[in-house]
Asker: 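Got a structure for you, written out below as structure tokens; questions coming shortly.
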Protein chains: 2
Amino acid sequence: MATTQTGSQAVERASALLGLIVESGTPRTFSSLVDELGLAKSTTSRLLQALERNRLVHRDRAGAFRPGALFSLHAARPSALHDLSELARPTMEHLSDLSRETVNLAVPRGGALVQIDQVDSCYMIGAANWVGVDVPAHCTALGKVLYAYGALALPLGNLERRTAHSPVDHAQFDHALVEVRRRGWAASLDELELGLTAVGAPVRTVDGTVVAAVSVSGPTNRINEYGITKLGDLLVAELRGLSALLGHQPAQKKGST
Amino acid sequence: MATTQTGSQAVERASALLGLIVESGTPRTFSSLVDELGLAKSTTSRLLQALERNRLVHRDRAGAFRPGALFSLHAARPSALHDLSELARPTMEHLSDLSRETVNLAVPRGGALVQIDQVDSCYMIGAANWVGVDVPAHCTALGKVLYAYGALALPLGNLERRTAHSPVDHAQFDHALVEVRRRGWAASLDELELGLTAVGAPVRTVDGTVVAAVSVSGPTNRINEYGITKLGDLLVAELRGLSALLGHQPAQKKGST
DNA sequence: TCAATAAGTTCCACACTATGGAACCGCTGT
DNA sequence: ACAGCGGTTCCATAGTGTGGAACTTATTGA
């Protein structure tokens, strides 16, 4: 009845299970899945078995469910991150239109920050390529965002000093991250290079986990002229839409139970 | 009837579709999916719609199907590669047992080679950490494997010379890759560091695509003693099992059609 | 050691839901 | 305008998924 959509109920339910398992980064127990979807234990069990047979979920030795080999397989492909870029492209281009500056997308990978896509500024100056470039994350807006929201493990060793403005004191840096969380966005003024300023904000999944960050960057004077706070708020607002893309609208359906 | 497994036919079929879409790295057309699974167009259409609603597949503007946002989402998580490591762990440990040397796992990422896991040699000497370390791929067995099978785009610029044995000539390097493809494994003798030798082989998906590489490495004298060819063949044999893990057994079922 | 509780799987009759063929729709090329 | 192609919607049918209960294993407590 409810939402009366043509088609497959079983597939719909199985997909919902998969969604829960993949979106919550942590392993899910059988019973938590039963509770959350409100399906009969038997049904849930059968669906999960089917998914497991097809390598869509994997139950670890503790019996908890995690994304299966097909997901790992996809993640290992070089094109995987490109896919994320594709999802993010429209938003990034829109941000570039609005700010007229360079926009970057980064994810945490192997304890470091990896910039995976970029939309260039329309100005001549400021259009450098950052994709794949190795930068000290603590000096960047992207890095601060990922640090602030736990997407990247906090740096333990010395904080490299790139410029006179680079953060090098751990306590002070931690405090800066608190500020990032409060505002919802991060900035880096002349911290990586003199004259280079960036503002970044998080991309979240539906459960709130931060999986990526987007930044707008350009010459410090131009960015200041535009207004750092204005940029930060703009980013947060625009990325809300992107985050929604990654999430799954609850599609509140009256359970038959 | 055939294989008469209890449970969900619809989910099974939908999963099969997903498998096809994810495993073949390239976008799949609707009709190719219909052909390959032998299901009715209507059925296929409905299943794909359900998968699309749940972000498991995504149809691009050309109408072709690719893995959906849930896959991108998972790939963006730092834990994604860790998952691949987990799949590979048993094989890697077995290889380490057999060879008594250090075993490494690498995937291509952003045009570079990323080592994502390691099982240490049981010897004191030779147990260095390579995970996350940035190395010139053309000087490594792992890199050669990924280059040889197109998992990594061929290097364009100058080939960095790390030692007197490093390959620096493009034509010669290309020829070496031909040899790698012929043998099925790659070696790097003193090319990255003097006294360091590695042998690597590919990890494939069911459709033959190479998504990762595994290497065994140690002091040149110990590796030579063991036998490079013997190691190469061992790797190829052991990785067949790992590749199978990533693949999907065809589960030949007589179509009802 | 044994009983009691919990966690998950298998069984089964019922009815709902997925199925495939045909009709239908919207393009593209001619 | 029409034929040809790729894909979706419709519909009656029966095959398949469903939930409750019984059953099987772990886990806990005494």
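Keep in mind the model is a prediction, meaning the values are calculated, not measured. Side chains included, hydrogens not; waters and symmetry mates left out as well; all remaining heavy atoms used.
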Asker: Suppose we screen for side-chain hydrogen bond (donor to acceptor under 3.5 Å, both in side chains). Which residues come up paired with A/Ser85, at least two apart in sequence or across chains?
Answerer: none

Asker: Without placing hydrogens or testing angles, list every side-chain donor-acceptor pair under 3.5 Å for residues 29-39 of chain A, not counting sequence neighbours.
Answerer:
unit_1	atom_1	unit_2	atom_2	d
A/Thr29	OG1	A/Ser32	N	3.1
A/Ser32	OG	A/Arg28	NE	3.1
A/Ser32	OG	A/Arg28	NH2	3.1
A/Ser32	OG	A/Thr29	O	3.0
A/Glu36	OE1	A/Arg28	NH2	2.8

Asker: How long is the line joining CZ of B/Arg13 and C1' of D/dG15, in whole Å?
Answerer: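 Interatomic distance, CZ of B/Arg13 to C1' of D/dG15: 11 Å.
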
Asker: List the residues meeting side-chain hydrogen bond (donor to acceptor under 3.5 Å, both in side chains) with A/Ser45, not counting sequence neighbours, and say none if there are none.
Answerer: A/Gln49

Asker: By side-chain hydrogen bond (donor to acceptor under 3.5 Å, both in side chains), which residues pair with B/Arg59, not counting sequence neighbours?
Answerer: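 Per chain and number, B/Arg59 pairs via side-chain hydrogen bond (donor to acceptor under 3.5 Å, both in side chains) with no residue.
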
Asker: Apply side-chain hydrogen bond (donor to acceptor under 3.5 Å, both in side chains) to A/Arg89 and list each qualifying residue two or more places apart in sequence or on a separate chain.
Answerer: A/Glu93, A/Asp117

Asker: Measure CG/B/Leu33 against P/D/dG6 and give the value in whole Å, please.
Answerer: 14 Å

Asker: Tell me the interatomic distance from B/Arg28, atom CZ, to D/dG6, atom P, rounded to whole angstroms.
Answerer: 15 Å

Asker: Take the protein atom CG of B/Leu39 and the nucleotide atom P of D/dG7, then report the distance between them rounded to whole Å.
Answerer: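 My rounded result for the distance is 15 Å.
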
Asker: How many whole angstroms separate atom CG of A/Leu48 from atom C1' of D/dT18?
Answerer: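 For the pair A/Leu48 CG and D/dT18 C1', the rounded distance is 15 Å.
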
Asker: What is the per-nucleotide protein-contact pattern of nucleotides 5-10 of chain C, from the 5' end, where B denotes a base atom under 4.0 Å from a protein heavy atom, S denotes such proximity for sugar-phosphate atoms only, and - denotes neither?
Answerer: ---BBB

Asker: Quick one: are B/Leu73 and B/Arg55 in side-chain contact, heavy atoms under 4.5 Å?
Answerer: no

